[in-house]
Amino acid sequence: MNDNESHEHEHHDELHAARRAKLDRLIELRVDPWGQRFDDRSLIGVIRQRAGEVNYRLESGKEIDLPLEIDDEDFDFRAWKAEQGKGELTGPDVRAAGRIILHRDKGKLHFIDIEDWTGRIQLFIGQGQVGEENWEIVKCLDLGDLIGVDGQLRRTNTGELSIFATKIHFLTKTLEPPPAKHIGMTDPELRQRMRYVDLAYNEGSRDRFLDRTRIVQSIRQTLDEHGFCEIEGPTLHTVAGGAAAKPFNTHHNALGMDLFMRIALELHLKRLMVGGMERVYELGRVYRNEGISPRHNPEFTMLELYQAFGNYESMMDITEAMIANALLAIGSGPVVTWGEATIDFSTPLARVTYHDLFAEHTGVDPTDQGAVQACARSLGLETAGKHPDVVKNELFEEKVEDALTGPVFVIDYPASICPLTKRKADQPEIAERFELFVQGMEIANAYTELNDPDLQQQLFETQLEGIEEEHSMARMDHDFIRALRHGMPPAGGLGVGIDRLVMLLTNSQSIRDVILFPLLRNE
RNA sequence: GAGAGCGUAGCUCAGUCGGUAGAGCAACGGACUUUUAAUCCGUAGGUCCAGGGUUCGAGCCCCUGCGCUCUCACCA
């Protein structure tokens, strides 16, 4: 269907026709259906906080505070007023604006619930109270329209806090009908494709994304407090390094140069440490040309930070601080629910070695190469032509990672699978690396950074047997090696999957619930 | 990539054995000045995902395709 046909179709649809008719009627009434600047409105959340200013004024002139139980479900406000004697409610004049979410038409009296991004409030709109000119506008209102209102904040006979309207300001006509009230739009594809509808009408959607913003702001604040500076590195790379993933390819025409969208932030941040930026981070998008799943989106948000003169233990401390502050930022305690699970982020988080977890979950001593190979083969894993540590790690992923409900820092990885990590001084076969696992998901990955240029070059040149080049993290970057030769301080470095962290903190089971516009097939 | 499920009104969903296409909400008309997913009376609204097949007859059965969801695989 082309645009003209679909446009035509909308006009023939009676739902749309009814809205168009009201649009025309507004124009007839000389009301701008698309609204104008609307100054001095208060946020509904702020207006609701003024509920305490609503009083009951007796005929004697005496003003009585409303009872504290007034918002209780079963409180009988009519009876309470009768007990006090004759009087009337008074409250402050307020101005609000929002989208019409519910509309109860009682003839010469309409109850309209409007919502802005801080909350929802009921409007009491009586024909006699607003006057004929406004009443003509009220007759043109549809669910989804944006309106402003002036009125007095009071309560109805049932105790509901309401704005008793004196004037309606039409702000924007909605030509599309909203999804079913209280059910909303449930089809996950439509929610992502039409995120504006999801945000506008689905309960909790906007709050979840606002929580994401609060978490990200909190992380920046935590890092600023620890003396880090935020930078913006290149997203177009000539070498897609710093991680093991297939990149997106692109091309610069004027330079005649093939480029990759970045798959990690690591190597440029380390170059900055060579340049004396001692505590540096980037929080930004990376791109991986791989599968899509509830835990994977082709573009996602990564935080990487590097701290000169630190190590991977410093990174554990800062990870704990970031999570604790992020929880505070969204008004949550350290214990959160995630689906069926409960996650306790109380610090310090558990720290267990790769070695111990391997032994615990496989029943095999990870230093016994023969036993590891036998165990792998018994699970049907291919072992021929693979480096022993590759086999060991495949076994680890198979048997251990999914079982890690966490939160747990898995520490001290086999060095051979960590080409960017410093080895333990007294145990060269162990790399000073941790990964933070929660609910079987890798949330963070950190190293004591390798800063020996000769060893780094050697590790880039050595492809581990059993790992194909495109799956290897060891991807030669000559300029990076040159940078290391100029001296990078010993340092700790940390990467955090922001989307997955937000999933855990907002009780979201899919990464698509925390990414505003996840990648979708063409419509 | 494999398997399972789903696709019906603007939205959320029923649809029995293969026999006239259904409900709630939304919309439209009417009643109601303190409602709370308001209520009540009435009206209208359909390319049953697409194409093919079986059949006297297909929303339903069969085949193909498209799309979505879930699980698995992939993604250290």
Side-chain angles (χ1 to χ4, degrees), chain A residues 1 9-10 12-22 73 77-78 81 89 101-113 120-130 135 142-144 154-162 164 174-194 197 201-202 243-246 263 288-298 300 354 389-398 400-401 410 413-414 416-419 433 435 441-442 445 464 466-468 470-474 509-512 520-523:
Chain A
M1 192 189 291
H9 179 74
E10 283 169 20
H12 287 144
D13 183 321
E14 75 176 318
L15 261 72
H16 294 97
R19 285 170 181 260
R20 293 265 174 198
K22 288 175 186 168
E73 197 68 25
F77 187 46
R78 286 185 183 87
K81 282 194 293 187
L89 285 158
I101 297 298
L102 288 174
H103 187 179
R104 292 176 292 282
D105 174 356
K106 245 182 114 343
K108 297 187 176 64
L109 184 60
H110 287 212
F111 294 91
I112 292 179
D113 289 7
R120 193 181 281 202
I121 198 161
Q122 172 172 271
L123 311 183
F124 179 108
I125 305 174
Q127 184 174 7
Q129 288 82 344
V130 296
W135 196 247
D142 280 309
L143 289 177
R154 297 209 300 265
R155 286 182 186 268
T156 61
N157 279 345
T158 54
E160 175 88 13
L161 189 68
S162 307
F164 286 69
T174 302
L175 295 174
E176 292 289 338
K181 60 185 181 189
H182 291 280
I183 301 168
M185 184 178 262
T186 60
D187 182 332
E189 190 212 352
L190 288 180
R191 290 179 61 178
Q192 291 154 20
R193 211 175 271 293
M194 297 197 279
V197 175
Y201 297 106
N202 274 28
K246 290 177 211 156
I263 58 170
R288 297 186 180 179
N289 204 342
E290 293 174 345
I292 294 174
S293 84
R295 294 173 177 199
H296 299 85
N297 193 62
F300 62 99
Y354 185 95
D389 284 343
V390 172
V391 173
K392 189 194 291 184
N393 201 48
E394 285 179 4
L395 199 48
F396 187 86
E397 285 160 19
E398 182 80 14
V400 186
E401 288 190 356
V410 180
Y413 279 66
S416 50
I417 59 167
C418 307
R433 171 185 187 178
E435 293 194 343
M441 274 196 289
E442 180 196 333
N445 182 18
L464 276 187
I467 298 184
E468 295 159 40
E470 73 177 2
H471 294 299
S472 174
M473 205 190 285
Q509 312 303 306
S510 169
I511 199 167
R512 298 173 151 230
L520 298 171
R521 214 176 288 263
N522 277 330
E523 216 166 338

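Side chains are part of it too, since the values below use all heavy atoms of this structure and drop only hydrogens, waters and symmetry mates. Every chain is numbered from 1, with letters handed out A, B, ... down the list of sequences.
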With rounding to whole Å, what would you report as the distance between [N] and [M] at their [atom1] atoms?
N      : M      : atom1 : value
B:rU12 : B:rC17 : P     : 27 Å
B:rG42 : B:rC32 : C1'   : 16 Å
B:rC70 : B:rG57 : C1'   : 36 Å
B:rC40 : B:rC56 : P     : 48 Å
B:rG10 : B:rG46 : P     : 8 Å
B:rA9  : B:rC49 : C1'   : 15 Å
B:rU54 : B:rU64 : C1'   : 15 Å
B:rA73 : B:rC62 : P     : 30 Å

For this session: Please check if any side-chain donor atom of A:Y354 sits under 3.5 Å from a side-chain acceptor atom of A:N393, or the reverse.
Result: yes

Exercise. A:N445 and A:R433: side-chain donor and acceptor closer than 3.5 Å?
Worked result: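 On atom types as modelled, these side chains qualify, holding a pair under 3.5 Å.
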
Exercise. For A:L102 and A:Q129, take the nucleotide of RNA chain B holding the closest heavy atom to each; which residue's nucleotide lies nearer the 5' end?
Worked result: A:Q129

Exercise. If you find the nucleotide of RNA chain B closest to A:E397 and the one closest to A:G159, which residue's nucleotide is nearer the 5' end?
Worked result: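 Result of the comparison: A:G159.
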
Counting only side-chain N and O atoms of [X], is one of them less than 4.0 Å from OP1 or OP2 of [N]?
X      : N      : answer
A:R78  : B:rU35 : yes
A:R104 : B:rU35 : no
A:K181 : B:rG10 : no
A:R512 : B:rU69 : yes

Using Watson-Crick or G-U wobble geometry with both distances under 3.5 Å, which nucleotide pairs with [N]?
N      : result
B:rA37 : none
B:rC32 : none
B:rC56 : B:rG19
B:rC70 : B:rG3
B:rU64 : B:rA50
B:rU43 : B:rA27

Given atom [atom1] of [X] and atom [atom2] of [N], what is their separation to the nearest angstrom?
X      : N      : atom1 : atom2 : value
A:E189 : B:rC11 : CD    : P     : 12 Å
A:D105 : B:rC28 : CG    : P     : 10 Å
A:I183 : B:rA23 : CD1   : P     : 16 Å
A:I112 : B:rU33 : CD1   : P     : 16 Å
A:L15  : B:rC25 : CG    : C1'   : 11 Å
A:N289 : B:rC74 : CG    : P     : 18 Å
A:K108 : B:rA38 : NZ    : P     : 21 Å
A:D142 : B:rA27 : CG    : P     : 7 Å

Any heavy-atom pair between the side chains of [Y] and [X] that's under 4.5 Å?
X      : Y      : answer
A:E401 : A:M441 : no
A:Y413 : A:E435 : yes
A:P178 : A:M185 : no
A:H110 : A:W135 : yes

Exercise. So, A:T174 side chain and A:E176 main chain: donor-acceptor pair closer than 3.5 Å or not?
Worked result: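 Checking the backbone N and O of A:E176 against the side chain of A:T174, no donor-acceptor pair under 3.5 Å is found.
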
Exercise. Reckon A:G128 touches a base, only the sugar-phosphate, or nothing at all at heavy-atom distances under 4.0 Å?
Worked result: base

For this session: Using a heavy-atom cut-off of under 4.0 Å over every strand shown, decide if A:K22 touches base, sugar-phosphate, or nothing.
Result: sugar-phosphate

For this session: Confirm from the modelled atom types if A:T186 and B:rU12 form a donor-acceptor pair under 3.5 Å, side chain to base only.
Result: no

Exercise. Can you find a donor-acceptor pair, distance only, under 3.5 Å between A:Q122 side chain and B:rU35 base?
Worked result: yes

Exercise. Please walk me through it: do A:Q122 and A:L161 pass side-chain contact (heavy atoms from CB on, under 4.5 Å)?
Worked result: CA-CA 7 Å; A:Q122 172 172 271; A:L161 189 68; over 6 Å; no

Problem set entry | Selected nucleotide, minimal atom distance to A:E160 side chain, candidates B:rU35, B:rA76, B:rU33 |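 The nucleotide sitting nearest to the side chain is B:rU35.
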
For this session: Check every atom of B:rU34, B:rU35, B:rG10 against the side chain of A:S162 and return the nucleotide holding the closest atom.
Result: B:rU35

